2 protein chains.
Amino acid sequence: MAARTKSSEPKPTKGERTRARLLQAAAREFAQQGFDAARISDIVARAEVSQPAFYLYFGSKEAAYAEVINQFRTRLRNAIRSARLPKDLEKDQIADRVRWSVTTLLDALASDRDLLEVGFYQALAAEEIKAELSEQIAANVAAEQADGFFRTDMPPAFFANCLIGIIERMARSKSTPSERQQQARFIAELLLNGLRVQPHS
Amino acid sequence: MAARTKSSEPKPTKGERTRARLLQAAAREFAQQGFDAARISDIVARAEVSQPAFYLYFGSKEAAYAEVINQFRTRLRNAIRSARLPKDLEKDQIADRVRWSVTTLLDALASDRDLLEVGFYQALAAEEIKAELSEQIAANVAAEQADGFFRTDMPPAFFANCLIGIIERMARSKSTPSERQQQARFIAELLLNGLRVQPHS
DNA sequence: TGCCTATATTACTCGCTAGTAATGTTAGTC
DNA sequence: GACTAACATTACTAGCGAGTAATATAGGCA
């Protein structure tokens with residue numbers, strides 16, 4: 001693979017590539033087996049190196065796990081940043097804005113299912129990062145409330161938790177990008193307008 | 001084994017009480033540590049018996065885990081049955097009916113946090129039982145759609161998954177019964193009417 | 001009281017897996 | 001081609017924890 005066309009990373013040395021393979025293999029094993037059941041022997045077999053090679057790059061099983069989690073955190077943080085509601089939309093397009101945010105988050109979470117499984121569903125730190133996500137969402141909701149687009153009789157934090165619950169669940173189901181768009185559309189519609197029949201549909 | 005499990009359980013024999021203590025201890029350890037990290041030695045210490053006593057009542061660690069999961073499944077099934085929307089309410093009281101269902105489910109899930117943790121969040125069988133729950137909810141939603149109370153442009157299964165995601169998340173946060181009632185109220189309100197400012201509050 | 005069964009314990013084995021010491025092999029540079 | 005890091009391997013050890021054999025005690029009933 002001569003994917004050498006990177007500006008910032010001129011040439012990944014052999015060790016770096018091995019390390020990357022190990023990390024990916026670790027992510028998969030941790031995702032499928034969980035931390036305790038995952039075996040170093042399986043990780044190195046998947047990466048096609050032998051056992052002590054693992055310890056050339058990671059101090060311990062725990063260290064590798066922590067690094068997988070960190071990778072996920074970083075990606076999710078970036079996604080949260082991208083998902084910020086663009087404020088320059090028309091006032092009547094809240095639906096579009098919410099849909100954009102939900103789509104961005106769903107796509108980011110679905111982009112690497114191993115990281116998702118470890119970082120969002122089995123790590124001790126999962127609640128922590130969800131709290132971070134929750135805060136961001138709540139802040140956005142509060143802003144919309146202040147702007148008069150959202151009703152104010154519902155706590156932003158509560159809404160944020162609902163949205164996270166929904167996203168958690170949707171992210172887990174394998175789906176194509178277009179299916180995810182569809183899901184995002186439904187989610188936005190449900191959260192904005194509810195399931196009750198609309199007075200003037 | 002003396003099949004003493006009759007109508008009102010006249011006297012639990014010593015063995016039965018030990019077994020119950022072990023099962024409860026196992027539920028706690030499994031909930032807090034996960035299956036692999038949970039140690040038989042910790043379980044028996046918590047139950048205040050010694051190691052081989054465990055194997056008098058459970059064939060293996062796996063067997064005990066399976067029994068914990070089964071306990072949860074049974075309880076949740078009962079809760080689902082109780083949560084069926086009572087059909088004899090007025091047509092204008094959908095909110096009450098949804099609230100009732102949500103409250104019932106939340107209460108049932110919160111009634112034993114160890115079982116909840118194992119059966120809903122860490123068991124391989126968790127997705128299975130959530131699918132069961134999802135079907136029930138979807139069926140209810142479909143009925144409401146047929147009766148003209150819910151909009152029909154949203155798939156019942158999708159709505160069911162959203163609700164489960166929300167309930168999953170809410171159930172995890174420790175809360176008093178009255179807080180749960182409040183949560184249920186918000187959930188019903190959000191899912192029925194949405195977050196957008198209402199045309200005529 | 002003495003008997004029998006259910007219940008429990010002490011003191012092990014044994015496999016499995018994270019981690020390591022000693023040693024070998026590439027790949028880049030002169 | 002020869003030298004030197006960086007990279008990798010074979011062949012171990014250590015200890016943890018599930019499960020077991022042999023043995024001891026409680027408690028209901030004649």
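What you see is a predicted model; the values in this text were computed from it and never measured. Within every chain, numbering begins at 1; the chains are lettered A, B, ... in the order of the sequence lines, protein sequences first and strands thereafter. All values below were derived from every heavy atom in this structure, side-chain atoms included, with hydrogens, water molecules and symmetry-related copies excluded.
For B:E132, the CD atom sits in a packed shell: over 12 heavy atoms of surrounding residues, nucleotides or ligands are nearer than 6.0 Å.
A:R39 has its CZ atom 9 Å from the P atom of C:dC16, to the nearest Å. With rounding to whole Å, B:E29 atom CD is found 15 Å from D:dA18 atom C1'. Going from atom CZ of B:F54 over to atom C1' of D:dA18 covers 10 Å, rounded to whole Å. One interatomic measurement links the two molecules: CZ of B:F35 to P of D:dG17, which rounds to 14 Å at whole-angstrom precision. Distance B:Q51 CD to C:dT9 C1': 11 Å, rounded to the nearest Å. Computed from coordinates, the B:I40 CD1 to C:dT9 C1' distance equals 17 Å when rounded to whole Å. We find that CG of B:D36 is positioned 14 Å from C1' of D:dC16, with the value rounded to whole Å. Between the CG atom of B:D42 and the C1' atom of D:dA18 there is a distance of 13 Å, rounded to whole Å.
At a threshold of 4.0 angstrom between heavy atoms, the contacts of B:A64 with the nucleic acid are absent. Among the atoms of the strands shown, only primed sugar atoms or phosphate atoms (P, OP1, OP2) are found under 4.0 Å from some heavy atom of B:A38.
Salt-bridge formation is detected for the pair A:R73/A:E128: a Lys NZ or Arg NE/NH1/NH2 atom is positioned less than 4.0 Å from an Asp or Glu carboxylate oxygen. The residues A:R39 and A:E29 are annotated as not salt-bridged, no charged nitrogen and carboxylate oxygen being separated by less than 4.0 angstrom. The residues A:E168 and B:R169 are annotated as salt-bridged, a charged nitrogen and a carboxylate oxygen being separated by less than 4.0 angstrom.
Judged by distance alone, with hydrogens and angles left aside, the side-chain atoms of A:T13 form no donor-acceptor pair with the main-chain N or O of A:E16 at under 3.5 Å.
Proximity note for B:P52 (side chain, C-beta onward) versus C:dA18, D:dA21, D:dG19: the nearest is D:dA21. Closest to the side chain of A:K61, out of D:dG19, C:dA21, C:dG19, is C:dG19.
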Between the protein and nucleotides 5-8 of chain D, are there any N/O to N/O pairs under 3.5 Å, and if so, what are the atom names and distances?
unit_1, atom_1, unit_2, atom_2, d
D:dC7, OP1, A:T13, OG1, 3.4
D:dC7, OP1, A:G15, N, 3.4
D:dA8, OP1, A:T18, OG1, 2.7
D:dA8, OP2, A:T18, OG1, 3.4
D:dA8, OP2, A:Y57, OH, 2.6

Practice prompt. Could you give me the CA-CA distance, side-chain angles and deciding distance for A:S82 and A:T104, then say whether side-chain contact (heavy atoms from CB on, under 4.5 Å) is met?
Written response: CA-CA 7 Å; A:S82 312; A:T104 308; 4.0 Å; yes
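Side-chain atoms of B:E67 and B:Y57 form no donor-acceptor pair, as typed in the model, at a separation below 3.5 Å.
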